[in-house]
Amino acid sequence: MAASSPQRPPRFVVQCAKGKGWKTLVVDESQPAAERAFHEVIKVNPKGYFRLIRLDDSPEPDFEGENFSWKLLQLHDPKKGGVQGGVQGGVATAPINRPARRHGPNKRRIRRQGEKVAIPLRLYILALILGAIAAVALYLLHGPSPMVGLGK
């Protein structure tokens, strides 16, 4: 039987939205300091999505790694007009070092859906035109080879 770990005081975390998940920016033991950091981050990037959450340890004996229950304290959503208070909660799990899983027939290639990549079409057309101009200029400067058409 494993010994239970001592309860840690709640921690306050400032996170920003990164892809489909959240990236932790600040972890603090005191709520006022975390709130100051939260508002400071919003001043730096007012168009970003940020959240301030409270983490409480929730030990489970059968779980590998750390397990936290969390509560959303504040959310900055620029599309909804700034900071809102929250009462949402859930369970957050600290990641265990595992390799990323890839699905599908080609497991080496990661497919990102919905991500548009601009094709530099103007650059390709410009390179093609400049190459054609250079080929015509070389032909006009040096003319046809005198050995062409002579056969023995």
Side-chain angles (χ1 to χ4, degrees), residues 1-139 141:
M1 182 173 165
S4 64
S5 62
Q7 280 292 88
R8 284 194 273 185
R11 288 175 285 172
F12 299 91
V13 180
V14 177
Q15 295 179 326
C16 71
K18 197 75 163 182
K20 292 184 180 181
W22 293 87
K23 179 182 176 187
T24 300
L25 301 175
V26 177
V27 178
D28 206 322
E29 297 283 330
S30 68
Q31 186 172 355
E35 285 179 356
R36 281 193 303 274
F38 177 72
H39 292 292
E40 187 78 23
V41 172
I42 293 171
K43 285 180 188 176
V44 172
N45 184 7
K47 293 184 179 181
Y49 292 85
F50 300 100
R51 71 181 182 184
L52 174 65
I53 61 173
R54 175 185 168 170
L55 289 180
D56 296 315
D57 287 339
S58 66
E60 289 185 20
D62 297 337
F63 187 74
E64 295 178 18
E66 294 184 60
N67 198 19
F68 305 102
S69 62
W70 60 274
K71 180 181 178 185
L72 178 66
L73 300 176
Q74 293 182 10
L75 174 70
H76 177 259
D77 185 354
K79 291 185 179 179
K80 291 189 178 179
V83 178
Q84 296 129 12
V87 293
Q88 219 175 343
V91 175
T93 304
I96 300 171
N97 293 332
R98 292 185 185 150
R101 293 186 182 183
R102 296 183 178 126
H103 303 285
N106 189 357
K107 293 184 180 185
R108 291 184 182 207
R109 185 173 53 138
I110 299 174
R111 186 173 176 196
R112 296 186 176 121
Q113 296 175 346
E115 185 176 325
K116 295 182 180 180
V117 177
I119 299 173
L121 192 58
R122 291 181 185 167
L123 180 65
Y124 292 154
I125 292 173
L126 179 66
L128 181 68
I129 291 172
L130 290 176
I133 291 173
V136 169
L138 285 173
Y139 180 78
L141 284 174

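Just so you know, these numbers come straight off a predicted model, no measurement behind them.
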Query raised in the report: Is it true that a side-chain atom of H76 and a backbone atom of G48 form a donor plus acceptor pair closer than 3.5 Å?
Result: yes

Report task. Indicate the atoms forming the closest heavy-atom contact of Y124 with I119, along with that distance. Result ->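 Answer, listing the atom of Y124 first, then I119: CE1-CG2, 3.9 Å.
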
Report task. Please name the pair of heavy atoms, one in R54 and one in F12, separated by the smallest distance, quoted to 0.1 Å. Result -> CG-CE2, 3.8 Å

Hey, what do you get for [atom1] ([X]) to [atom2] ([Y]), rounding to the nearest 0.5 Å?
{"X": "Y49", "Y": "K18", "atom1": "OH", "atom2": "NZ", "answer": "15.0 Å"}
{"X": "L73", "Y": "F38", "atom1": "CG", "atom2": "CZ", "answer": "9.5 Å"}
{"X": "R51", "Y": "Q74", "atom1": "CZ", "atom2": "CD", "answer": "13.5 Å"}

Query raised in the report: Pick from L128, L130, I129: which one makes a side chain to side chain contact (heavy atoms under 4.5 Å, CB included) with L126?
Result: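 Checked L128, L130, I129 against L126; only one passes side chain to side chain contact (heavy atoms under 4.5 Å, CB included): L130.
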
Report task. Test V13 against every option in L55, L25, D28 by the side chain to side chain contact (heavy atoms under 4.5 Å, CB included) rule and name the one that passes. Result ->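 Between V13 and the candidates, side chain to side chain contact (heavy atoms under 4.5 Å, CB included) is satisfied uniquely by L55.
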
Hey, are the side chains of [X] and [Y] touching, using non-hydrogen atoms and a 4.5 Å cut-off?
{"X": "K47", "Y": "N45", "value": "yes"}
{"X": "W70", "Y": "D56", "value": "no"}
{"X": "K71", "Y": "I53", "value": "no"}
{"X": "E29", "Y": "R11", "value": "yes"}

Report task. Tell me, with the steps shown, if Q31 and E35 meet side chain to side chain contact (heavy atoms under 4.5 Å, CB included). Result -> CA-CA 6 Å; Q31 186 172 355; E35 285 179 356; 3.1 Å; yes

